[in-house]
Each structure stands twice: as C-alpha cells, then as structure tokens.
Amino acid sequence: MAFGKGCHLHLIDGSAFIFRAYHALPPLTRKSDGLPVGAVAGFCNMLWKYIEDAKGADAPTHAAVIFDKGSHTFRNDMYDKYKANRDEMPQDLRPQMPLTREATKAFNIACEELAGYEADDIIATLARQAREAGGRVTIISSDKDLMQLVGGGVEMFDAMKNRAIGVEEVEAKFGVGPDRVIDVQALAGDSVDNIPGAPGIGVKTAALLINEYGDLETLLERAGEIKQPKRRESLVENADQIRLSKQLVTLDPQTPITFTLDDLEIREPLVETLLEFLNQMEFRTLTRRVAEKFNTEPPPAIEVTASTDAATPAKDVPPITPENYVCIRDAETLTQWLDQARARGWVAVDTETTSLDEMQADLVGVSLCIEAGQAAYIPLGHSTGEGDLFGGSERAEGQMDFDAALALLKPVLEDASILKIGQNMKYDFKIFARNGIRVAPIDDTMLMSYAMFSGLHNHGMDALSDRYLNHQPLPIKELIGSGKSQITFDKVAIDTATRYAAEDADITLRLWQQFKPRLHREQVTTVYETLERPMVPVLADMEMAGVKVDAQVLSRMSNAFAQKLAGLEDEIAQIAGTPFNVGSPKQLGEILFDQMGVEGGKKGKTGAYGTGADVLEDVTTLEDVNPQAAKLAARVLDWRQISKLKSTYTDALQTHVNPDTGRVHTSYSIAGANTGRLASTDPNLQNIPVRSEEGRRIREAFVAGPGMKVVSLDYSQIELRILAHVADLPEMKQAFKEGQDIHAMTASEMFDVPLDQMTPDIRRQAKAINFGVIYGISGFGLARNLRIPRAEAQGFIDRYFERFPGIRQYMDDTVGFAKEHKFVQTLFGRKIHTPEITAKGPAAGFAKRAAINAPIQGAAADIIRRAMIRMPAAIGGLPATMLLQVHDELIFEVEEGAVDDLITVARATMEGAAEPVVKLSVPLVVDAGQGASWAEAH
DNA sequence: AACTTCACG
DNA sequence: GACGTACGTGAAGTTC
C-alpha cells in the first residue's frame, strides 16, 4: 500500500528506548558467555509491548524505529561544543547498540539511521513527508527536542507514562505553541546538549518574551526596548549566540534519506527469525511469550555450561503453572516431601495466616518448594464457610492434624543441614516461633534483593517476581477480597489456597536460585550474611518480647488532651468569627489568608495555601499588623501539637496493646529504608515524642515490669564521628578523641571565638551547620533552618569548607563515585544505588544530597546492626532483654540488680561494634540512662 | 489514593 | 529570576 491519506505512521525514537531500557534494568548478562544484554532485553520487551499495544482501533499502517548513527553530526560542524559535556557511553552499553538494530530487524520493523544526522532529524523529515502525503504521524518519544514537530496531524506519545503529547501538552511545557518552541529553546539553551542560549534566561522568561514580541527575530531586533536591564543586556550581547542556538535546536526536515514512506509499511513478524534471535540472546521468558502468542513451540534453550555453584538455576526452568501444585493432606505425603528437602539440603517455606500482625496471626497453612515448579501446600487451619450465627465454623475436611504436621515439620525446620528459604522470613520465623519452632538456618530473598538492589526498587515479592521472573503472582485480593468484605485466609477454599500459597513458595525458590550466585557478582555477600540475614532472629525476638505500655497513663493523657482541644477549638472559632474544622489545612488557609487578610500566603501545587508550622510561626509574629491572625495562628499551633499527640500517640498506642501479652509489639522492616536503617511500623516506636516537654511525657507510659528497669543506651554523635573518619577531618577527630563539645569546637574554628567565650547562639549555629553537612548542605537549606539570609548562610558554608577542607573533598568524591558507579557505599560495603544521580533538573540536587548522606547514615545503621546482632550473646547471662531500636539508641528491660552489669556489657558491645572489620579513627561513645520508664531512662 | 502535616534520628 | 533544595522514615487526617 502506498502511503497516503488515511495512513498512520509511527516513528519510534530508538535511542530513547535503549537508554530507558538500560537505566531501568539491573546489569543483566547472557548466561552462556557473560555478554551484557540488559539494555537489549529491556529494548525487546518494550518493543514487544509496543507491538501488542499498537494493535486495535488506531493501529499504525506504517512504522519505523529511528536510531542515531555515530556521534558526529552537522551540528558539531556548526558549533564545536555541541553535546560536548555528554558523558561517554557506559562500557557495558556500547556492545549492545548493534544488537538493538538486530532486534528491531528481528521484529520485522523498519530500522533506519543516517550518518551525519540525528534520529530527530530523520523523524522530522519523515513526519514532513507523511503530512504532505496526507497521513497522520505519532512519534513514540517524550523528548522535548521533538516537540517542535507537534501539530497539524503530528502528535507524540510518551510510552512510559502512556500519555499522548499534543499541542496542549507542548504549550504547558514551553509556554508557547509548537511553532515557537525552537525560539524558546534558543533563548533558554540546554545544559544537557550544551546549547548556550541567552545566559540568565530560562524557559519561563523565554516564553514570556516570545509571547510579548511574537517571535525570536522581532525580539532580538527590539531587544533594546526591554525594561529589565539584565534581560536586555543578555539578549543584546548574545544575539549571535542565540541565533546559533536556534539553528542547533531546529530539526532538519530535509535530510537526504534514501528510503521512502512506502518502505515502512507494517509487516507481520517473521516468527522463526524472531524466536531465533530471542533464543540466541537467551531471553527465556520473552521467547516463551512470543512463542505462545504465535501458537508455536519455543526453540530449545541454549545450553549453559554447568557452574559449580549449588544454586545455579536449572537449565530449563519450567513455567509457573499453578495446576501442578500439590495439596498435602496426609502424613505420608508430607514425609515424602520432607525427605526430598533433606536430600536436597534446602527448601523454600512460606506460611499462610489469619492476620498480617504476626503476634495475633494464627497459622492456617504452610507451603514448601524444593525445585522450581514443584511446590506443595499443607492446609492446617482452614474452616468451612462463614460459620453459623454463633460464629462457630467447622474445621474443613481433608487437612492433616495441626500438631501432627508441625511435629513432622519441626525437625526439618530446625535442622542445621537444611537451609530454609523464605521471602521476608522474619514473618514466618515469628509464626513458627509462636508454635514452638525456631527456624534455622535461613536465607531470605527479600534481604538478598535489599543487599543487591537497595535504591533501585522495592523488595516485596510481587515486585521481585515481576522484575526477575517476569511473572505476576496471583494477587491475594482475589482470594480474600479487600476492604470491608475482606475475609481471613482460613476461610479460603483449600484448592484455591493451594494455588496461591504454593505459588509463593515456588516464586521464592526461583528468586533464590537467581539471587544466590548474584550476591557474589554484586559483591554484597558479606553485607547480606553479616548485616541483613542475622537481623531476622534478633528482631523477631525483640518484636515478640514487646514493650510494656501502661494504657491507663495513656488514657488519662488522652482525656486531658481532649479537654484542652475542646477549649482551643472554642477559642479558635471565636477569633475566626466562625467555627471551622481546625484540622483542615484548606479551611484554615482560607480563613487566614482570604478572610483575615494575612499577606504572603503561598499556594502549593494543589492550589491550597501552605499552613505548615513554619508558616504559622511567621504569622504569630504579626502582632502589630494583624493581631487577630497572630493570635489565631498561635492557638492553631497549640491545637496541632495536642491533636498530634492525642491521635498519633495517646489514642493510637492504646489500641496497639496486645490483649494476650499486655505489651506493644512493633514490627521492624529490615529492607524498608534505602540507607540500611530500620523502620518501625504498627506502631512506629521510632518517633515517640521527646523534643517537646509535653510530648516527652508520653514516654512515661513506656515502663518496665515489676522489679525491672528500662535502660537506654545511645551513641553520641555517631554520624558526625563517621563523617570525621571518612572525610578525614583532623580537627574534628582530635576533638572527638579529647571528648570535647563538638559543636562548640566547630563554632570556635569557624567564628574564631575561643571556647571559654562561646555563647549558646554561636554554638547553635555551628550545630546546624554540622548537621547540614551530613545532609548535603546547601545555602538555601541552611538559611531556612537558621532563618538567616541566604547570602549569610552561604558565607558560613564557604567558611566551613575552608576550615575543614576534607568535607569538600568527601562531597566531591562521593558524588563523583555515585556518577561513575550509580551507587555509593558504606564503610562496611553496603551499597545504596543512586540511579537518579544523572537526572537533570531538581532531581539531580536531591540525588546528590542523598548520595552524600547515604554513606554516613548507612554506616551508622551498619554499626548499630552489628551491635544488635552481637547483643544476645553478649548479654546472654544477664536477666535482660533488648526491646527497641531507635536508629542510634537501644532500649532494654533489665532486672533491677543487673542494671549496672547490663550497661557495662551493652556499652562495650556498642562501642566496639565497628571492629574488627573497620577500625575507626575516632572513638565511639555510648551514653546510658535508666529508670522506671523510657522518659527517665533517656 | 494523594496530599499535607508532623513525630523521630 | 532557568529550576527547587537540607538526609532518612511512618501515621493520621482531610480532600478528591
């Protein structure tokens, strides 16, 4: 068919596909020879998805993937610095470039490139030709440089966001229509492509000017009329540079291509060629999928030479097929399965229960998997239907006796020669522990993923299965529903439950087979084995122990807060002249800024006024200008504080007291925080108030049992000490060695004030700077924190860098490392990936600061983890229990007579926790406190 | 479900 | 006056 009216041309920006694929996926290599193929794999998946998605009503009649060829184009001849600051292509991406062309051809899609021109120019040329022939064009890309082509039958499509980009979207981005986009780009320039533009003028200003003067030439001619001196000078002085910039950003619609639109007609994939290519690449899943789609057998998989590693995946991993799962209903079958586990030396295990709260959950069933595809489910606590009016439902038929099954499982689960593999093992560990079984030894795929991929993605099973097995597990929602009508797992029919539960064990085993050898390749085996995996039993025991909370104390506080809130609400209504919901920032903002006339209200992206504490605090200072508003803001601040304490703490904590134990059992996520820190949930016991006097009293409700004391030990300034060590700051190290006040020392160095003349205010500023450095300081941030002018804050920072030159070095080195490797590392080898480090725009700033902070925060997290892992053995002989961790603090419950001994032993464990792996050049110091409650101990 | 606010280190 | 900014979390409440 000749291209003409009614035809629809799709132009895919090939380079964009490749780079997106490269950055979205972890570095994947071909099993047989180690060839890097991650980007090719992603590229093929995207292409396949594109083909599948492009079918249907608005299907293209013609399509092509357009690539860049070489790096030298006619633009380099116009301007030698064009794209000069681009990083070199990553080592492992280069060999993949030709493969992406091959892939395109294998899919039987036209594949075009042209020396001396960019893909964008070819796209422009084809788009022009297609329009002239009366057809429509869709460009599959989100690149802003292509937006100038939009309009008149040409639109773009962002495949990532699944969103069309038409004239409106272009206008939203550039503030002008597509026909003026190049004018705006010429003025604004582009740091990524090294387009100079007009210094000091960005997209916003450029759009403003173009809209005022009509077009770029008119603007340049009449630049002298511009009132703002900076803009005027920038335009007048750089007119030539701006005209050059326009030439650089303008796409060439007349590239000398040697093919025609007719050559791009859609063709069906040649199934054999395509399967052959995919098989050569060893993309098993995609090969299988494509084969399935065309109802044909996939070619035999390429033989991979056997590795010595026990956990190398089987050569032919069978597909995940729930129909093949076994339901174990008798002792004989169970024994057979357990014998297989003994013979193999490992077994994947998963538990099903009635609740997500491990302390309340009853065991409903156990699933096992010994080899990919071979999984079984042992139903143990299923009941029939909904039960009768009296709530009693009967035990379902066809289940083994609960105790008999556990008696068979116990010796295997506790057998030192059989590895138990789980996903989020802490959960199953606790369930079994509450049934008298201490599971050991273990491996945990969630923690393996965390050790290897922290910062790249989550580590939940659904995400891992999707990403590494290309399989979407049966959602639990389909079994138990959601919301109000949700049922517990014991009510699920055993057949359905078998498919779901056995699949989880199957997936876990497959993930483990993939991850286990990879831990070595990613060089995080030690991290996994010494910092992640051993946390499971330690945390499980802490969580099961729980902390004693006096609900009566909390209840009394709640009542007192309720009264206070009611009083404040009356007062607030009176000042406002009308009652309103004080808890609604929206209503508060309208009253404060619209009705009461406070000026300077700033609306956020949702159009609501910001009413955060800092904003309200500013309003309270308006006593002279707007006394009513000042008073209102002050009362709202009081209300907010009390309301927070009541709802989040005194009310909520009471509901978390376990009826069986009378204690509060938090849950720590080991793989939650990117940096290696733990996170505490349900309830969060890592953010119990302490900074305000009023809030601190909540800690009085955290008490010790009779004859016991609460003991708290916390690292003093651990992050600053780590900073002093890693950044090699001699003055700071010396100060720590001498046990000096570190903030006072910093202040003295920075402001030339002798220590004996130090004032609290100067020390406070130095303290803020010390913390700022850990967070990846910026003038803006410090200025806001200290409420001083930005220039002054910048002055402080400059001076700090002068006095402690190691800091600057550390920051530059860390960011440089992150850019090169896409991750940063702690002293203990923990990797934190920083994929955003090469982002442009504001994301780059975030990524930089996060990269600077991560090794410090992460090392502190590593150290306290090491202390916690050693703690049970260290305090083993003492009547003491470790209960809580709050990032740099450990809380124990100890018999009164053993308090001093506990402090001695625990302190030594914490202070020596970095050794012997890391010998810090600063001492670690631990402060201790004790008392009847956490409030007294802290 | 997204956004805002605020509690902690 | 290109952009928007301290790092890392979780929970509760309101709004859509």
Side-chain angles (χ1 to χ4, degrees), chain A residues 184 187-191 197-208 228 230-231 234 581-589 604-616 637 640-641 643-649 651-653 666-669 672-692 695-696 698-699 714-715 717-719 768-769 771-786 790 793 797 832 840-858 860-861 864 885-889:
Chain A
V184 168
L187 285 169
D190 187 333
S191 58
I201 292 185
V203 172
K204 284 259 164 67
T205 312
L208 206 78
Q228 297 87 337
K230 274 198 178 161
R231 286 182 196 174
S234 181
N581 184 352
V582 187
S584 161
K586 187 167 172 265
Q587 293 176 33
L588 174 64
K605 51 186 159 187
T606 53
Y609 289 110
T611 67
D614 50 344
V615 175
L616 294 188
L637 282 170
R640 287 236 181 112
Q641 200 206 351
S643 168
K644 175 84 177 177
L645 295 177
K646 180 169 186 294
S647 65
T648 309
Y649 300 104
D651 286 355
L653 272 176
T666 184
S667 179
Y668 290 100
S669 25
N674 284 339
T675 52
R677 273 195 180 181
L678 301 177
S680 160
T681 63
D682 309 301
N684 182 353
L685 295 185
Q686 289 182 322
N687 71 346
I688 303 300
V690 68
R691 291 175 189 168
S692 79
R696 188 155 53 229
I698 290 171
R699 296 188 173 215
D714 69 290
Y715 284 108
Q717 307 290 0
I718 187 165
E719 292 194 353
I769 301 169
F771 277 111
V773 167
I774 293 172
Y775 297 149
I777 200 158
S778 77
F780 182 93
L782 184 65
R784 202 171 63 163
N785 191 281
L786 284 177
R790 193 172 163 171
I797 294 169
I832 298 108
K840 40 185 175 173
F846 279 114
K848 259 191 189 176
R849 293 191 295 270
I852 290 166
N853 175 258
I856 300 169
Q857 191 182 113
I864 197 164
Q885 187 250 44
V886 192
H887 309 307
D888 64 358
E889 173 186 14

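Order of the sequence lines fixes the chain letters, A, B, ..., with proteins taken first and strands second; residue numbering starts at 1 for each chain.
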Check the side chains of Q686(A) and S680(A) for a donor-acceptor pair under 3.5 angstrom, ignoring hydrogens and angles.
no
Which nucleotide wins on minimum distance to the side chain of P689(A), given the candidates dC16(C), dA6(C), dC8(B)?
dC8(B)
Under 4.0 Å between any heavy atoms, over every strand shown, what does A613(A) touch: base, sugar-phosphate, or nothing? Just pick one.
sugar-phosphate
Using OP1 and OP2 only, check whether a side-chain N or O of S778(A) sits under 4.0 Å from dG4(C).
no
Taking CD1 from I688(A) and P from dA7(B), how many angstroms apart are they, rounded to a whole number?
12 Å
Check this one for me: any side-chain N or O of T648(A) less than 4.0 Å away from OP1 or OP2 of dC6(B)?
no
Just to confirm, is there a sub-4.0 Å distance from OP1 or OP2 of dT14(C) to any side-chain nitrogen or oxygen of N581(A)?
yes
Minimal heavy-atom distance between I698(A) and P689(A), with the atoms involved, is CD1-CG, 4.0 Å
Grab the NZ-P distance between K586(A) and dT4(B) for me, whole Å please.
13 Å
NA contact type, A850(A), heavy-atom cut-off 4.0 Å: base, sugar-phosphate, or nothing?
sugar-phosphate
When the distance from CG of L653(A) to P of dA12(C) is rounded to whole Å, what number comes out?
10 Å
Just call it for G610(A): base, sugar-phosphate, or nothing, with non-hydrogen atoms closer than 4.0 Å on any strand.
sugar-phosphate
Do the side-chain N or O atoms of R784(A) get closer than 4.0 angstrom to the phosphate oxygens (OP1, OP2) of dA6(C)?
yes
By the 4.0 Å heavy-atom rule, please label S191(A) as base, sugar-phosphate, or nothing.
nothing
Considering every strand and a 4.0 Å limit on heavy-atom distances, what is the contact class for A768(A): base, sugar-phosphate, or nothing?
base
Rounding to the closest angstrom, what is the interatomic distance between dA6(C) and dC6(B) at atom P?
15 Å
Please report the distance, rounded to the nearest Å, between CG in D614(A) and C1' in dA6(C).
13 Å
Ranking dT5(B), dA6(C), dC7(C) by distance to the side chain of F846(A), first place goes to dC7(C)
Using a cut-off of less than 4.0 Å, is there contact between a side-chain N or O of R691(A) and OP1 or OP2 of dC8(B)?
yes
Is there side-chain contact between V582(A) and L588(A), with heavy atoms separated by less than 4.5 Å?
no
Of all heavy-atom pairs linking L616(A) and T611(A), the shortest is CG-O, 3.6 Å
Answer with yes or no whether the side chains of S778(A) and R790(A) bring together a donor and an acceptor at under 3.5 Å.
no
Out of dT5(C), dA12(C), dC8(B), whichever nucleotide has its closest atom nearest the side chain of V690(A):
dC8(B)
Students often get this wrong, so: under 4.0 angstrom with heavy atoms, is A861(A) touching a base, only sugar-phosphate, or nothing?
nothing
Compute whether any side-chain donor of one residue and acceptor of the other, for T681(A) and S667(A), lie under 3.5 angstrom apart.
no
Candidate nucleotides dT5(B), dC7(C), dG8(C), ranked by approach to the side chain of R677(A) - the nearest
dG8(C)
Comparing V773(A) and I201(A) on DNA chain C - which has the more 5′ nearest nucleotide:
I201(A)
Select base, sugar-phosphate, or nothing to describe what N684(A) touches, counting heavy atoms under 4.0 Å on all strands.
sugar-phosphate
Should R849(A) be listed as having a side-chain N or O under 4.0 Å from OP1 or OP2 of dA6(C)?
no
When you match N785(A) and P199(A) each to their closest nucleotide on DNA chain C, which lands nearer the 5' end?
P199(A)
Rounded to whole angstrom units, what separation is found between the CG atom of L645(A) and the P atom of dC8(B)?
9 Å
Heavy atoms only, 4.0 Å cut-off, all strands: where does G612(A) land among base, sugar-phosphate and nothing?
sugar-phosphate
Rounded to the nearest angstrom, tell me the gap between atom NZ in K848(A) and atom P in dC3(C).
18 Å
Classify R696(A) by what it touches in the nucleic acid, base, sugar-phosphate, or nothing, heavy-atom distance under 4.0 Å.
nothing
At 4.0 Å (heavy atoms only), tell me whether I777(A) reaches a base, stays on the sugar-phosphate, or touches nothing.
base
Heavy atoms from C-beta onward define the side chain here; which of dG10(C), dT9(C), dA6(C) lies closest to that of N687(A)?
dG10(C)
Among dA6(C), dG8(C), dC8(B), the one nearest any side-chain atom of R699(A) is dC8(B)
Strictly below 4.0 Å: does Q587(A) bring a side-chain N or O up to OP1 or OP2 of dT15(C)?
yes
When all nucleic acid strands are considered with a 4.0 Å heavy-atom cut-off, which category describes V886(A): base, sugar-phosphate, or nothing?
sugar-phosphate
For the side chain of R640(A) and the base of dT4(B), is some donor closer than 3.5 Å to an acceptor across the two?
no
Treating Y715(A) as the side-chain partner and I864(A) as the backbone partner, does any N or O pair qualify as donor plus acceptor under 3.5 Å?
no
Do you know which two heavy atoms are closest between P855(A) and I852(A), and how far apart they sit?
CD-O, 3.5 Å
Out of dT5(C), dC3(B), dA11(C), which nucleotide sits closest to the side chain of T606(A)?
dC3(B)
What is the distance, to the nearest angstrom, from the OH atom on Y649(A) to the C1' atom on dG10(C)?
9 Å
Is there a donor-acceptor contact under 3.5 Å from the side chain of S234(A) to the main chain of K230(A)?
no
When you compare dC3(C) with dT5(B), how far apart are their C1' atoms, in angstrom units rounded to a whole number?
25 Å
Identity of whatever pairs with dT5(B) - Watson-Crick or G-U, under 3.5 angstrom
dA11(C)
Separation of dA6(C) atom P from Q857(A) atom CD, nearest Å, is 16 Å
Regarding S643(A), tell me which of base, sugar-phosphate or nothing describes its non-hydrogen contacts under 4.0 Å with the strands shown.
nothing
Does S584(A) have a side-chain nitrogen or oxygen under 4.0 Å from the phosphate oxygens OP1 or OP2 of dT15(C)?
yes
If you check every side-chain atom of T681(A), which of dC8(B), dC3(C), dG10(C) has the closest atom?
dG10(C)
Looking at every strand, decide which applies to G845(A) at a 4.0 Å heavy-atom threshold: base, sugar-phosphate, or nothing.
nothing
